[in-house]
Structure formats: C-alpha cells, structure tokens
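Reviewing the structure listed below.
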Amino acid sequence: MLLAGDIGGTKTLLGLFDARPVRPRPLAVQSFPTLDYDDLGTMLRTFLTAERVTADTIDSACFGVAGPVFGDTAELTNVPWKVDTHRVASALGIGRIQLLNDLQAMAYAVPVLQADELHALQKGEALRGGNIALIAAGTGLGEALLHNVDGRFVPSPSEGGHADFPARTEPEIDLLRDLTARFGRADVEHVVSGRGLINVHRTMHRQPCAAAIDLDDVDAPAQITAAGLAGTCASCAETLELFVSAYGAEAGNLALRTVATGGVFVGGGIAPKILPALTTGVFMRAFRAKQPLDAMVAAMPVNVILNADAGLLGAAVFAAEHR
Ligand SMILES: [Zn+2]
C-alpha cells in the first residue's frame with residue numbers, strides 16, 4: 001500500500017493508494033485543516049488510526065509540501081511548523097517518507113491525467129519532445145516544469161511564484177505601487193493567489209465594497225471571486241478581471257521561460273472555481289501577448305486541471321515509482 005500527502009497552507013490531504021501500473025488507485029482519502037495540528041506526526045497518526053492501517057503495511061510514502069524542500073525537511077511557507085520526515089517516519093515506524101515540493105508532486109500527476117479531468121482553454125498542438133509547464137494558484141502561487149528528457153518527463157520544482165510581479169497596465173502599476181509600499185517588494189504571489197485576490201481587492205476598491213466582503217474572513221478570496229462572477233460589486237468584478245489577466249500573463253511568462261511546447265497546465269484550487277472567468281478570453285489574451293513569440297505560445301495546448309486531488313495523486317505516483 002502507498003501513503004501519499006499534499007500538505008498545503010490551508011488544508012492537507014492524506015491518502016492511501018493501491019499501487020496499480022501507471023496510475024495508483026485511491027483506497028481512502030481524508031482532508032485535514034493544516035493549522036488545527038501542531039505537527040505532521042499527530043495528523044498522520046490520526047489518519048492511520050481512523051483507517052485502521054498499521055505502519056508495516058505501507059510500502060512507500062511521499063508527501064508534497066507547500067514550500068522549498070531540503071532533503072528530509074521542509075519549511076512550509078504559510079504554516080508555522082516544519083516538516084521533518086525522518087523524525088515522523090521513525091516515530092510512526094514507516095520505513096521512509098519522501099518529500100517533494102507540492103507543485104513538483106502535482107507535476108507527477110500531469111502525465112496520468114485523463115481527458116475528463118481537464119478543461120481546454122487553448123487546444124493547440126503539443127510538440128513531441130517539448131517541455132510541460134505547470135502553474136497553480138491556491139493559498140499561494142506554485143510553479144513547476146516537466147522537463148522532457150529523451151521523451152520522459154522529469155518534474156522539477158520552482159519558486160517562480162516569488163519572482164517579481166511584472167506590472168503591464170496602469171491598474172497593475174497602481175497595484176505594484178501599493179504592494180511595494182506595504183511589503184517592500186511585490187512578488188507574483190502577491191497578486192496571483194488567494195491572498196493576492198485580497199491585495200487586488202484593496203487596490204481596486206476606492207469606495208466601499210458593494211458585496212460588503214470582510215477581508216479578514218478566511219473565505220474572503222472565495223467571496224471576492226463569487227461577487228466578481230455574479231457582478232454584485234463592480235469593483236469585485238474588476239478585481240477578478242485583473243487577477244485573471246495577471247494569471248494568464250504569468251502562465252505565459254512561465255511558458256516562455258520553460259519553452260513549454262508540450263503544453264501548459266493550470267492547477268490549484270482557484271481555477272476550477274472561476275472557470276467562467278477563465279474562458280472569457282481575458283486569460284488567453286494575456287497569455288498570448290508575448291510578441292515576438294506570440295505564435296509559439298498560441299500553438300501551446302493550455303488546460304485547466306479540474307481534479308482537486310491532483311497534488312495527492314502525484315505524490316502517490318512518485319511513491320509508486322520510488323518504492
Ligand atoms: Zn467589492
């Protein structure tokens with residue numbers, strides 16, 4: 001049996017999988033609020049006890065974490081605890097727990113995703129031998145590359161979400177000024193992420209929000225996108241449009257940096273929830289506005305990942321491949 005995890009800033013998914021060829025089959029999956037637990041060991045013990053699973057039945061384990069990975073340890077970018085898989089594995093009696101950056105883990109799922117788990121934003125045509133790029137906005141912004149090495153995809157992590165925010169328009173330049181004044185510098189994640197939606201909301205609302213959204217509410221990003229989609233507040237609609245345009249532009253930047261002629265995948269929790277806003281043309285116009293290489297990016301397949309458990313599935317794929 002395989003043990004897989006997707007440790008995020010807000011929630012953590014833990015799953016047990018059967019190691020089938022190509023794509024592991026889920027046996028049990030549970031979601032945990034990350035911040036309700038003091039450490040990973042306590043959460044894992046709760047899960048394994050609930051599923052009546054003993055450590056000796058686990059052949060291989062892999063976790064994706066939202067933050068940079070250093071060997072057996074990882075600092076979570078938005079969570080106060082540190083992950084030390086060596087310590088957790090010996091405490092629980094599991095042979096070894098392998099650790100990946102969360103986007104690198106999701107990248108392992110990309111080659112095994114099926115057509116009904118994807119929504120095409122641009123049909124394009126994947127070039128044989130081309131790399132694949134993965135971008136995912138959720139609590140934070142993750143990016144990864146699937147490097148095509150002799151026809152085999154090798155996922156690599158990236159901290160590109162923390163690269164500088166490249167403002168392109170007057171409203172984005174206003175936003176850049178606000179973000180720089182507040183944080184000292186503006187990275188892409190300050191705009192293209194759940195917290196980014198809150199930052200954009202602040203800049204776009206010079207008058208009170210007609211949807212009366214409380215920005216301190218944990219659900220504020222979802223409320224902003226809902227108000228933007230429903231049109232209940234004109235400034236929330238502008239917030240969503242700027243967010244979608246900046247998301248498309250950054251997906252295009254990543255596609256250029258990685259020469260993603262094998263395709264671009266848009267993962268993370270936000271995209272499936274704002275699909276109507278992603279299909280208006282704003283996202284793809286920003287993606288394609290990359291003269292002199294606009295023809296190259298216009299030929300790339302661009303797909304939204306609809307499977308909310310793609311990160312967990314990828315960790316299971318890795319666990320199966322590295323037993
Ligand atoms: Zn509003």
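Atoms within each ligand, like the ligands themselves, are counted from 1 in listed order. Residue numbers start at 1 and run along the sequence shown.
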*Crowded around E125 CD? As in, over 12 foreign heavy atoms under 6.0 Å?*
no

_Geometry at the Zn ion (ligand 1) - C236 SG versus C209 SG angle, rounded to 10 degrees_ = 100°

*Verify the distance test for C233 against the Zn ion (ligand 1): any N/O/S atom under 2.8 Å, yes or no.*
yes

*Are F17 and V53 connected, step by step, through hydrophobic side chains (Ile, Leu, Val, Met, Phe, Trp, Tyr) whose heavy atoms are closer than 4.5 Å?*
no

*Measure from the side-chain N and O atoms of E189 to the backbone N and O of L141, and report whether any donor-acceptor pair falls under 3.5 Å.*
yes

*If you look at H205, which of its N/O/S atoms is nearest to the Zn ion (ligand 1)?*
NE2

*Is it true that R152 and E321 have a side-chain N and a carboxylate O under 4.0 angstrom from each other?*
no

